[in-house]
Amino acid sequence: MIFETHAHYDDDQFQDDREVLIPSLLNDNICNIINVSSSFESISSGMELAEKYDRVYVAVGVHPSDIAGLTDENFSWIKKQCRNPKVAAVGEIGLDYYWDKEEEVQKRQREWFFRQIKLAEEENLPIIVHSRDAAEHTMEVMREAHAENIPGVIHCYSYSLEMAKEFIKMGYYIGVGGVVTFKNARKLKETVVGIPLERILLETDAPYLAPEPNRGKRNHSGNLTYVAEMVAELKGITSQEVEDVTRENARRLFSKVI
Ligand code: NI
């Protein structure tokens, strides 16, 4: 069984079939799903899914590219949701300088990232970090916020092996998804080889980033077997072992999942 640590089943791309797809994944080899919020609106849709399916949990938070929709008022609403037993994490939060180049916007991203880390600390929840083209500032904000005091994962990891080791030193997990199966993913493959399996989580980021041989198609948690197989190949172990160890990692991190 595989623990899916990062998917967006509230996305419009699942509009027509999520009610068939999710139960079929859970009846197959997916033991749990963390549905991760991106926009403020997606928090409610994710929570509805978590209410509907026992083994689906939700991460609440606002993605750096969607912080325009954040206000003090809806931030305190998010804080209230954290007490819900199906809320397993704060996420996805972080910095994305790939899409947002403007200095002023980037500053706001850092402020909301900081506040959401603090929220997770206050509410005793792990964080799911999104970081793209912003490695140094991500580390900086995390150190400022004393993120080493709370557990978390750097999702869809895209930086160097050295950086991964830094995050691991802070107590963080490294999220590995479909990208690891791509031919040009040299850096990520190197990272997977160089870090302990005990620090890796499997994730899709569905509907995005489908692994080979389904690259370019809509992604879903069923494709995680391809990710597990690639991690196994890189580590020289069986994919069963990859599934078992990463599932235990996820259970350790998302301690509200029962
Ligand atoms: Ni995501």
Side-chain angles (χ1 to χ4, degrees), residues 2-15 18 21-22 25 30 32-50 56-70 78 81 87-100 109 112-113 116-117 120 125-135 138 142 152-159 167 172-182 185 188 200-211 214-224 226-227 246 250 253-254 257:
I2 298 180
F3 193 124
E4 158 73 281
T5 62
H6 193 120
H8 303 279
Y9 286 110
D10 56 284
D11 191 280
D12 282 347
Q13 290 190 50
F14 295 108
Q15 199 56 49
R18 67 169 70 84
L21 181 61
I22 296 174
L25 292 165
I30 302 299
N32 290 100
I33 296 170
I34 306 286
N35 198 80
V36 182
S37 306
S38 45
S39 66
F40 178 71
E41 291 71 29
S42 73
I43 297 174
S44 311
S45 348
M47 289 185 68
E48 271 170 41
L49 292 176
V56 175
Y57 286 72
V58 66
V60 300
V62 176
H63 185 289
S65 302
D66 287 303
I67 52 160
L70 259 176
I78 296 174
Q81 310 316 308
V87 173
V90 170
E92 59 189 288
I93 61 173
L95 303 176
D96 194 319
Y97 292 178
Y98 179 82
W99 293 110
D100 290 304
Q109 284 192 7
W112 280 114
F113 183 27
Q116 294 186 93
I117 295 173
L125 289 170
I127 56 174
I128 297 173
V129 177
H130 169 105
S131 177
R132 192 167 181 199
D133 282 1
T138 299
M142 286 175 71
V153 55
I154 312 298
H155 123 82
C156 195
Y157 188 74
S158 61
Y159 301 132
F167 284 120
Y172 280 70
Y173 290 88
I174 301 297
V176 176
V179 175
V180 78
T181 67
F182 298 173
L188 182 58
I200 294 176
L201 297 183
L202 300 185
E203 59 167 52
T204 55
D205 207 14
Y208 309 106
L209 298 171
N214 293 322
R215 189 173 180 176
K217 296 187 191 154
R218 185 185 71 167
N219 201 4
H220 63 77
S221 311
N223 284 324
L224 283 173
Y226 300 114
V227 178
T246 56
L253 178 62
F254 302 111
V257 173

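Start at 1 and go down the list; that is how both ligands and their atoms are numbered. Both backbone and side-chain heavy atoms feed into the values below; hydrogens, waters and symmetry mates do not.
A donor-acceptor contact under 3.5 angstrom links the side chains of Asn35 and Asp10, judged on distance only. Side-chain contact check for Asp96 and His63: no donor-acceptor pair (N or O, by modelled atom type) lies under 3.5 Å.
With a cut-off of 2.8 Å, the Ni ion (ligand 1) has an N, O or S atom of His8 in range. Here His6 reaches the Ni ion (ligand 1): one of its N/O/S atoms is less than 2.8 Å from the metal.
Of all N/O/S atoms in Asp205, OD1 sits nearest the Ni ion (ligand 1). Of all the N, O or S atoms in Glu92, the one closest to the Ni ion (ligand 1) is OE2.
Evaluated for a side-chain contact (heavy atoms from CB on, under 4.5 Å) with Ile30, the options Leu25, Val56, Ile22 yield exactly one hit, Leu25.
Between Ile127 and Gln116 there is no side-chain heavy-atom pair separated by less than 4.5 Å.
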